[in-house]
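These notes are about the structure you will find just below.
Chain A is the first sequence line, chain B the second, and so forth, proteins listed ahead of strands; every chain is numbered from 1. Note that these values count all heavy atoms, side chains included, but never hydrogens, waters or copies made by symmetry.
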There are 2 protein chains.
Amino acid sequence: MRMYNPPHPGEIIKDFCIEALDLTVTDAAKSLGVTRKTFSALLNGRSGISPEMALRLSKVFGRSPEGWLKLQLQYDLWKAQQGIDLKSLKRIKAA
Amino acid sequence: MRMYNPPHPGEIIKDFCIEALDLTVTDAAKSLGVTRKTFSALLNGRSGISPEMALRLSKVFGRSPEGWLKLQLQYDLWKAQQGIDLKSLKRIKAA
DNA sequence: TCAAAGTGTAACGTATAACGTATCAGGTTG
DNA sequence: CAACCTGATACGTTATACGTTACACTTTGA
């Protein structure tokens, strides 16, 4: 697992889907078939890449749906790691 | 993306964590630090592997947290694909 | 200068999901 | 028969993704 704070996926989307293609947020949201509000929340880290959104991103901007979701996976894992105490859990070894 | 119906992750957990180690559901839930209800729901496909659960599974049964979550990712993607119509979305090409 | 466009975000509603406690019904087993 | 394991329910909390509507701000072009 990564030790550093991974960027939220919205930053990657902003860089590679909006700025690189010189799109507006409004137009990109329309192309994805979601509201501007939904896409803005994703871009600004207030929501994550859902499985449905991964399919939309894949269709409109390319890359695999899995690729988009793995981005989110890394971020979610890092966040979950911050807020959970697993010190009391013990490894179960095979009999 | 896989074309076939992927098993829900609970089946894999049941095979590799419960039956292979000859554990009871109750004891495995205790080891994971969750209630029997929560773990039973996971085993029987009524809930998925959350990021937090992935960390618990990794600590107690081994494998990477990413590995557990990718299992869930494949399943979620397959399900999302079933219930969404993206035919109207068009690929945006680079300028 | 003024209007239009782009943007972030708020309120409010929907649906889904993961977790908990408490409880019940059914099965197995010593 | 009693103890245990299991699946499932009802009820609650918290969180998230998505929608519509609306507001305030900035930038840009006629």
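- Taking CD of B:E52 as the start and OG1 of B:T38 as the end, the distance is 9.5 Å to the nearest 0.5 Å.
- Residue A:S40 has no polar side-chain atom (N or O) positioned under 4.0 Å from OP1 or OP2 of C:dT7.
- Rounding to the nearest 0.5 Å places CG of A:L32 at 8.0 Å from SG of A:C17.
- To the nearest 0.5 Å, atoms CD (A:Q72) and CG (B:L73) are separated by 10.5 Å.
- The nearest whole Å value for the distance from the NZ atom in B:K30 to the P atom in C:dT21 is 13 Å.
- Side-chain atoms of A:V34 and A:L42, non-hydrogen and from C-beta on, never get closer than 4.5 Å to each other.
- The interatomic distance linking B:H8 (NE2) with C:dA18 (P) rounds to 12 Å, in whole Å.
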Could I get a table of every N or O pair under 3.5 Å where one atom is in the protein and the other is in nucleotides 12-19 of chain D?
unit_1, atom_1, unit_2, atom_2, d
D:dA17, OP1, A:G48, N, 3.0
D:dA17, OP2, A:G48, N, 3.4
D:dC18, OP1, A:S50, OG, 2.9
D:dG19, OP2, A:T35, N, 3.2
D:dG19, OP2, A:T35, OG1, 3.0
D:dG19, OP2, A:T38, OG1, 2.4
D:dG19, O6, A:K37, NZ, 3.4

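- Computed from coordinates, the A:L23 CG to C:dG6 P distance equals 12 Å when rounded to whole Å.
- Rounded to whole angstrom, the span from the NZ atom of B:K14 across to the C1' atom of D:dC5 amounts to 13 Å.
- Side-chain contact between B:Y75 and B:P9: present, with at least one pair of heavy atoms (C-beta onward) separated by less than 4.5 Å.
- Protein atom CG of B:D27 is 12 Å distant from nucleotide atom P of D:dC4, rounded to whole Å.
- Here C:dT7 presents its P atom at 9 Å from CG of A:L43, a figure rounded to the nearest Å.
- Interatomic distance, A:D76 CG to A:Q74 CD, rounded to the nearest 0.5 Å: 10.0 Å.
- What separates CG of A:N44 from P of C:dT7 is a distance of 11 Å, to the nearest Å.
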